[in-house]
Amino acid sequence: MKSLAVKNLKGRSVRTAVLMTLAALLSFTVLGGTLVVRSLDKGLVSLKARLGADVMVVPKEATMKKKFEDMILQGTTGYFYMDMSRAEEVMEREGVGQVSPQFFLASTSSSCCSIPVQLIGFEPETDFTVSPWIKRTYGGQLGFCDIVAGSDLNVFVGDKLSFYGVECTVAAKLEKTGTSYDTTVFASGETVKELIRSSLEKGMNDFADIDPERSVSCLMINAADGTSPEELVNDINIHVKKVKAYKTGDMIKGISDSLGGVSRMIGLLIAAVWVLGIVILSLAFTMSVNERRKEFAVLRVIGASRGSLAGLVLKEALLTCTLGSLAGAALGLLVLLPFNGFIEETLALPFLLPGVGSIAGFTAGAVILSVLSGAAAAAISALRVSRIDTGLILRGDN
Amino acid sequence: MELRAEKIYRDFIRESRSTNRFTAVKETSMLLAPGKLTVLMGRSGSGKTTLLNMLSGLLCPTGGSITADGQDLYAMSDKELSRFRNLHMGVIPQGQTAVHSLDVRENILLPFTFYGDVPDEKQAQELMERLDIAHLAAAMPSELSGGELRRMAIARALVRRPELIFADEPTGDLDDENTAEVFRVLKEYAAEGGSVLTVTHENDAKSYADVLLTMSAGTVSQEIV
Ligand SMILES: Nc1ncnc2c1ncn2[C@@H]1O[C@H](COP(=O)(O)OP(=O)(O)OP(=O)(O)O)[C@@H](O)[C@H]1O
Ligand SMILES: [Mg+2]
């Protein structure tokens with residue numbers, strides 16, 4: 001009986017191939033779509049965690065041409081400084097809870113530096129945004145001229161990298177975050193200050209007249225209990241001159257909005273393909289059964305029960321859909337896993353693939369969903385076959 | 001096995017006619033006994049196929065009952081009746097009845113596959129030789145002529161050696177020589193204890209008949225042979 005189903009499928013190889021392709025398209029879309037949506041969600045969560053503070057304060061000039069926002073959200077490189085006195089003024093505002101300064105520098109691709117990257121220095125004593133990330137892969141204390149590399153940088157632990165003539169050692173690599181962290185190098189504030197000093201000496205810093213010891217690029221601030229980030233941002237922007245405070249929630253609002261848009265579009269696409277797939281599949285099954293009405297009647301004559309005819313139709317459908325769905329899911333993984341970097345760039349949104357376990361779960365889910373859809377599409381045909389009027393069919397056209 | 005039809009008749013609803021209820025087979029009783037070849041003749045549209053379908057458990061009569069060795073066919077569940085037909089009835093329907101994805105041998109052995117029975121290859125081979133299609137065993141139905149397909153259907157109906165045989169114009173596409181061979185096969189099958197009913201337009205069939213029935217406008221009458 002099973003071999004009859006297989007032979008029927010082989011006997012009509014073109015139709016079987018078309019049906020399998022449809023099932024494959026179904027599981028491909030469902031799996032690919034969900035994985036992209038999930039990755040975007042995870043990317044956003046990761047980005048929120050990466051920002052890690054309620055409020056960021058930068059010098060006003062850093063807000064020109066969206067320099068700062070692009071650095072955080074798009075991963076472009078850049079640096080800017082404000083005088084320590086300004087930072088202190090901010091820190092003294094009421095409502096400021098946790099606060100930690102950061103020091104930025106960008107390396108260039110010229111002979112002075114091993115790789116062009118964004119460099120971020122943090123103060124280990126006060127930091128609460130970068131350290132949690134580093135702790136995931138590195139338990140130790142970062143020494144002077146130790147650096148931690150983002151996961152997308154092509155360096156390994158123990159590598160020596162030179163920035164503006166200062167040799168640094170890669171002490172750890174971060175795990176993937178799906179954000180601009182993946183192309184950033186972290187070090188202690190002392191290390192980055194040393195690099196800034198060296199870049200100034202070599203005349204390779206855009207700012208010629210700063211004092212590295214008295215310069216801060218950015219303040220990461222959590223609002224104190226009883227103060228909302230909103231109030232704090234307003235307070236700083238009104239009372240402290242030449243700085244700009246950002247609520248991090250607002251910064252990623254644009255991203256989370258466009259992410260919502262992309263997710264909705266993918267959702268619609270999945271729904272459309274799914275509905276269309278079921279309609280076409282059930283049409284195809286109906287046609288395939290109609291075309292073989294006489295054969296089914298013959299099987300009845302030979303002694304097949306109504307139930308076993310329905311079973312035959314379902315078996316054919318399940319076989320086709322299972323093979324097709326597996327192929328579609330495999331193709332989905334083959335496209336998504338190796339090319340997720342490319343997808344991330346194309347979408348220009350934070351994108352972080354779920355873990356292996358979740359991917360396996362989604363794959364199984366997509367295959368099962370598309371097999372069930374195929375079975376549902378075949379159910380009507382199976383029911384019709386089980387009700388054929390053998391006497392009528394066999395009497396008809398010879 | 002003895003098949004007994006008791007006052008069976010069959011009505012059809014037809015919208016196109018003025019009287020939309022019409023009786024294709026009028027009330028009739030008959031017996032298919034082991035060892036007998038029953039030949040049923042009659043004009044086209046007289047109700048032969050309708051009668052044969054009722055007797056072979058494929059079409060429920062509007063009234064009356066059909067019993068095989070005392071067992072009421074239409075009191076059985078679909079499953080029971082299907083298995084019963086599979087084991088005890090060989091039906092050669094009117095027209096072409098090949099399963100196109102199977103080759104000739106597989107088509108002939110098909111009755112064994114539904115319930116996982118062991119196929120009787122030897123019997124299949126013998127029948128193919130007898131019906132002169134042994135050389136086509138591995139051919140696909142699409143490569144066969146109408147007459148060859150017909151002989152394949154005959155082999156398929158006989159392969160399980162069922163006690164009851166129903167043949168609806170089994171020689172429709174055959175030449176004289178093959179027609180004679182088919183009737184010889186059916187006659188022999190009856191002689192070995194089978195209860196055989198065949199519908200035919202061939203006048204020659206009369207000479208093989210143990211029982212000769214004719215049908216006219218739904219009425220069955222028995223002729224003297
Ligand atoms: N399912 C049906 N619905 C309506 N009318 C039917 C149906 N089946 C048979 N008939 C009618 O019953 C009559 C007998 O049909 P049947 O097929 O039994 O004839 P037959 O004797 O086998 O003819 P032929 O020699 O051409 O095969 C015909 O008039 C046919 O139109
Ligand atoms: Mg007929």
Side-chain angles (χ1 to χ4, degrees), chain A residues 1-17 19-20 285 287-317 319-320 382-398, chain B residues 10 12 24 45 48-50 52-54 56-60 77-103 106-117 140-142 146 150 153 156-157 159-160 162 166 168-169 172-173:
Chain A
M1 179 77 175
K2 169 147 181 266
S3 73
L4 178 57
V6 172
K7 281 180 175 142
N8 278 340
L9 294 178
K10 279 190 185 153
R12 284 146 218 263
S13 46
V14 174
R15 195 192 44 215
T16 306
L19 288 180
M20 272 170 61
F285 286 133
M287 272 167 59
S288 132
V289 159
N290 271 352
E291 194 178 290
R292 289 186 289 160
R293 267 159 57 93
K294 181 128 192 194
E295 285 195 10
F296 285 114
V298 169
L299 298 181
R300 285 281 286 155
V301 162
I302 291 166
S305 64
R306 295 185 180 280
S308 59
L309 287 196
L312 179 65
V313 170
L314 280 180
K315 222 169 257 177
E316 286 184 24
L319 268 170
T320 339
L383 192 71
R384 284 180 37 141
V385 158
S386 75
R387 291 193 176 159
I388 57 169
D389 187 340
T390 318
L392 191 67
I393 294 168
L394 291 179
R395 209 179 49 81
D397 62 294
N398 293 347
Chain B
R10 174 72 202 201
F12 285 118
K48 304 182 297 295
T49 298
T50 307
L52 185 136
N53 281 344
M54 286 194 288
S56 57
L58 293 167
L59 181 70
C60 189
S77 72
D78 176 65
K79 240 183 164 156
E80 290 164 346
L81 179 56
S82 297
R83 180 56 163 162
F84 182 87
R85 194 184 305 113
N86 178 251
L87 288 174
H88 306 294
M89 293 179 172
V91 184
I92 303 155
Q94 207 170 350
Q96 299 307 350
T97 56
V99 174
H100 288 92
S101 54
L102 303 179
D103 67 20
E106 289 165 337
N107 259 284
I108 292 172
L109 291 171
L110 202 51
F112 293 102
T113 57
F114 279 98
Y115 298 90
D117 304 320
M140 297 309 281
S142 55
R150 197 119 272 283
R156 186 169 60 197
V159 76
R160 283 213 92 148
F166 302 91
D168 199 348
E169 297 183 33
D173 307 306

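None of these values were measured; they are calculated from a predicted model. The sequence lines fix the lettering, A, B, ..., with proteins before strands; numbering per chain opens at 1.
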Taking all non-hydrogen atoms of both residues into account, name the closest pair between Ala304(A) and Ser82(B) and its distance.
-> O-OG, 3.6 Å
Nearest heavy-atom neighbours spanning Gly11(A) and Ser101(B) = CA-CB, 4.3 Å
Output for pair (Phe114(B) CZ, Leu299(A) CG), nearest 0.5 Å, gives 4.0 Å
Segment of Glu80(B) engaging chain A (4.5 angstrom heavy-atom cut-off) = neither
Does the side chain of Arg292(A) come within less than 4.5 Å of His100(B)'s, by heavy atoms?
-> no
Please state whether the side chain, the backbone, both or neither of Asn86(B) comes within less than 4.5 Å of a heavy atom of chain A.
-> both
OG1-CD1 distance between Thr113(B) and Ile302(A), expressed to the nearest 0.5 angstrom = 7.5 Å
Leu102(B), Asp103(B), Val99(B) screened by side chain to side chain contact (heavy atoms under 4.5 Å, CB included) with Lys7(A), the one that passes = Leu102(B)
Under 3.5 Å: donor-acceptor pair, side chain of Lys79(B), backbone of Gly307(A) = no
At their closest point, which heavy atom of Pro93(B) faces which heavy atom of Val301(A), and how far apart are they?
-> CG-CG1, 4.2 Å
Considering only heavy atoms, which portion of Tyr115(B) lies under 4.5 Å from any heavy atom of chain A: side chain, backbone, both, or neither?
-> side chain
So do Arg156(B) and Val298(A) actually touch side chain to side chain, heavy atoms under 4.5 Å?
-> yes
Under 4.5 Å, counting heavy-atom pairs only, tell me which of Asp168(B), Thr50(B), Leu52(B), Thr97(B) racks up the most with chain A.
-> Thr97(B)
Does the side chain of Asp78(B) reach to within under 4.5 Å of the side chain of Arg300(A), using non-hydrogen atoms?
-> yes
Examine whether an atom of Ala153(B) lies under 4.5 Å from a heavy atom of chain A, and if so say whether it belongs to the side chain, the backbone or both; otherwise answer neither.
-> neither
Near Arg293(A) CZ, under 6.0 Å, is it more than 12 heavy atoms from other residues, nucleotides or ligands?
-> no
